[in-house]
Amino acid sequence: MTVDVAASAPGRGQPSGPAHPRAREPRGPGARKGGRGSRALLYTVLVLLALAFVVPLIWMISSSLKPENEIMRVPPNPVPTHPQWDTYAKAGRTVWPFFVNSIKLAAINVVLLLLFASMAAYGFARLRFAGKRLAFAALLATAMIPSMVYLVPQYILYRQIGWVDTQYPLWIPRVLTPVFGTFLLRQAFLQVPGELEDAALIDGANRFTIYWRIMLPQVKPALAAVGVLTFMESWNDLFGPLIFVNSPSIQTLPVALAMFQGEYFSQTNLMMAAATISVVPPLVLFLMAQRYFVRGVTMSGLKG
């Protein structure tokens, strides 16, 4: 019995392996319509979400340029009939000292917290010492304690050491207990290849040199993410200044915004102008660090 080898062997123009996966994908008009429909739905949802965030900002800016009686008009007019730009001059003169105080306080918080958090994160991520896991677990456990629980003992302690009516309670506890920043930076340090550290140790570099010159440049995106989040936390802090600060000369901007609201009268246009001014620094900072912020959150392993 003879076997036709030419008939059983694959031809020169025929593939001998399985068919390419792309050949099995449907390429009809129905598939193209389905892809376009899902993409259009996605874009519609994104546009609606963008409008949900942008409309309050537009309303705030528009209200800052209107007189008081036009703000409360029904139906509302989105565009001011006669823009009053002098509201920004009036609001700026009122909030400028508080604006400067908030900028200084936020800068202190960002710089010192990044320093302490990065050193603690490097120790937990790259160093070996007894009880490291237990110490890190205890650090994370402190974040589960509500701040209201220790508010009264904290106030009594600050009054005894003379910190009440100063800005020390607004930055020292924050920079010395950077739980979230330490966690995020530790995750970033863990993703740095260990060969870089080993090569530096072989070359004779000490631990601080490795931390400062080799490891920190590798986690710049995570540092940017922690810096932006720390700035926002300090910039928007209203509870701390209200409790621990009494003197107007060292008060912060969130407290100043409440000055435009009274029991019987509220200067809405001035309050909206001051709120618009207060939005500028965080917005500029986020736009400058947006690329690093997204990369930092991604490399740290955090997910929404």
Side-chain angles (χ1 to χ4, degrees), residues 41-107 109 146-148 151 165 167 170 228-290 293 304:
L41 179 61
L42 176 62
Y43 287 161
T44 302
V45 172
L46 292 177
V47 169
L48 292 177
L49 290 175
L51 289 176
F53 285 98
V54 172
V55 168
L57 180 63
I58 296 176
W59 183 89
M60 180 179 66
I61 298 174
S62 175
S63 300
S64 66
L65 300 174
K66 296 178 182 178
E68 195 71 25
N69 56 353
E70 190 177 348
I71 297 176
M72 303 302 175
R73 181 179 299 175
V74 179
N77 184 15
V79 180
T81 306
H82 302 287
Q84 298 184 347
W85 298 100
D86 59 331
T87 55
Y88 281 92
K90 296 177 182 178
R93 287 193 299 266
T94 302
V95 303
W96 178 250
F98 307 96
F99 184 90
V100 174
N101 291 335
S102 292
I103 287 289
K104 293 179 179 178
L105 183 63
N109 277 311
S147 59
M148 296 298 175
L151 177 61
D165 201 19
Q167 287 192 346
L170 306 182
V228 171
L229 295 175
T230 303
F231 183 91
M232 295 300 299
E233 182 184 5
S234 176
W235 187 261
N236 296 324
D237 185 16
L238 174 64
F239 187 74
L242 281 177
I243 297 297
F244 301 112
V245 179
N246 301 321
S247 301
S249 60
I250 58 174
Q251 198 57 270
T252 57
L253 186 58
V255 179
L257 296 179
M259 294 172 54
F260 296 102
Q261 290 183 339
E263 185 177 0
Y264 302 103
F265 178 73
S266 297
Q267 296 174 298
T268 308
N269 54 354
L270 294 180
M271 182 172 61
M272 292 296 104
T276 304
I277 295 173
S278 69
V279 169
V280 173
L283 182 61
V284 172
L285 178 65
F286 183 78
L287 291 178
M288 292 174 58
Q290 180 181 7
F293 179 82

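Everything numeric in this text was worked out from a predicted model, so none of it was measured.
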Let's go through V255 and T252 carefully: what are the C-alpha distance in whole Å and the side-chain angles of both, what is the deciding distance for side chain to side chain contact (heavy atoms under 4.5 Å, CB included) to 0.1 Å, and is it a yes or a no? CA-CA 6 Å; V255 179; T252 57; 4.1 Å; yes
Any chance you could measure E70, atom CD, to T268, atom OG1, to the nearest 0.5 Å? 13.0 Å
Euclidean distance, M232 CE relative to L229 CG, rounded to 0.5 Å: 9.0 Å
Of all heavy-atom pairs between A256 and V95, which one has the smallest distance, and what is that distance? CB-CG1, 4.4 Å
Between atom CG of N236 and atom CG of L253, what is the distance when rounded to the nearest 0.5 Å? 9.5 Å
So which atom in L257 and which in A274 form the shortest heavy-atom distance, rounded to 0.1 Å? CD2-CB, 3.5 Å
Nearest atoms (heavy-atom pairs only) where P78 meets S62: O-OG, 2.6 Å
Find the distance between OG (S63) and CG (N77) and round it off to the nearest 0.5 Å. 10.5 Å
In this structure, CD of E68 is separated from CD of Q84 (nearest 0.5 Å) by 10.0 Å
With a 3.5 Å distance limit and no angle check, can you tell me whether W235 reaches the backbone of S278 through a side-chain donor-acceptor pair? yes
Would the distance check show the side chain of Q167 and the main-chain N or O of I250 forming a donor-acceptor pair, the cut-off being under 3.5 Å? yes
Below 3.5 Å, can you tabulate the donor-acceptor pairs from side chains in residues 42-59 to any protein atom, sequence neighbours excluded?
| unit_1 | atom_1 | unit_2 | atom_2 | d |
| --- | --- | --- | --- | --- |
| T44 | OG1 | A40 | O | 2.8 |

side-chain hydrogen bond (donor to acceptor under 3.5 Å, both in side chains): which pairs involve residues 93-103, sequence neighbours left out? none
Backbone of F98 reached by a side-chain donor or acceptor of Q251 within 3.5 Å: no
Donor-acceptor pair, N246 side chain versus D165 backbone, under 3.5 Å? no
Are side-chain heavy atoms of L170 and P241 found at a separation under 4.5 Å? yes
For a side chain to side chain contact (heavy atoms under 4.5 Å, CB included) check, start with the C-alpha distance between L151 and F239, then their side-chain angles and the critical distance, and finish with the verdict. CA-CA 11 Å; L151 177 61; F239 187 74; 3.5 Å; yes
Using 0.5 Å steps for rounding, measure from the OH atom of Y88 to the CE atom of M272. 10.0 Å
Polar side-chain atom of T87 near backbone of S64 as donor-acceptor pair, under 3.5 Å: yes
Is it true that a side-chain atom of N109 and a backbone atom of L105 form a donor plus acceptor pair closer than 3.5 Å? yes
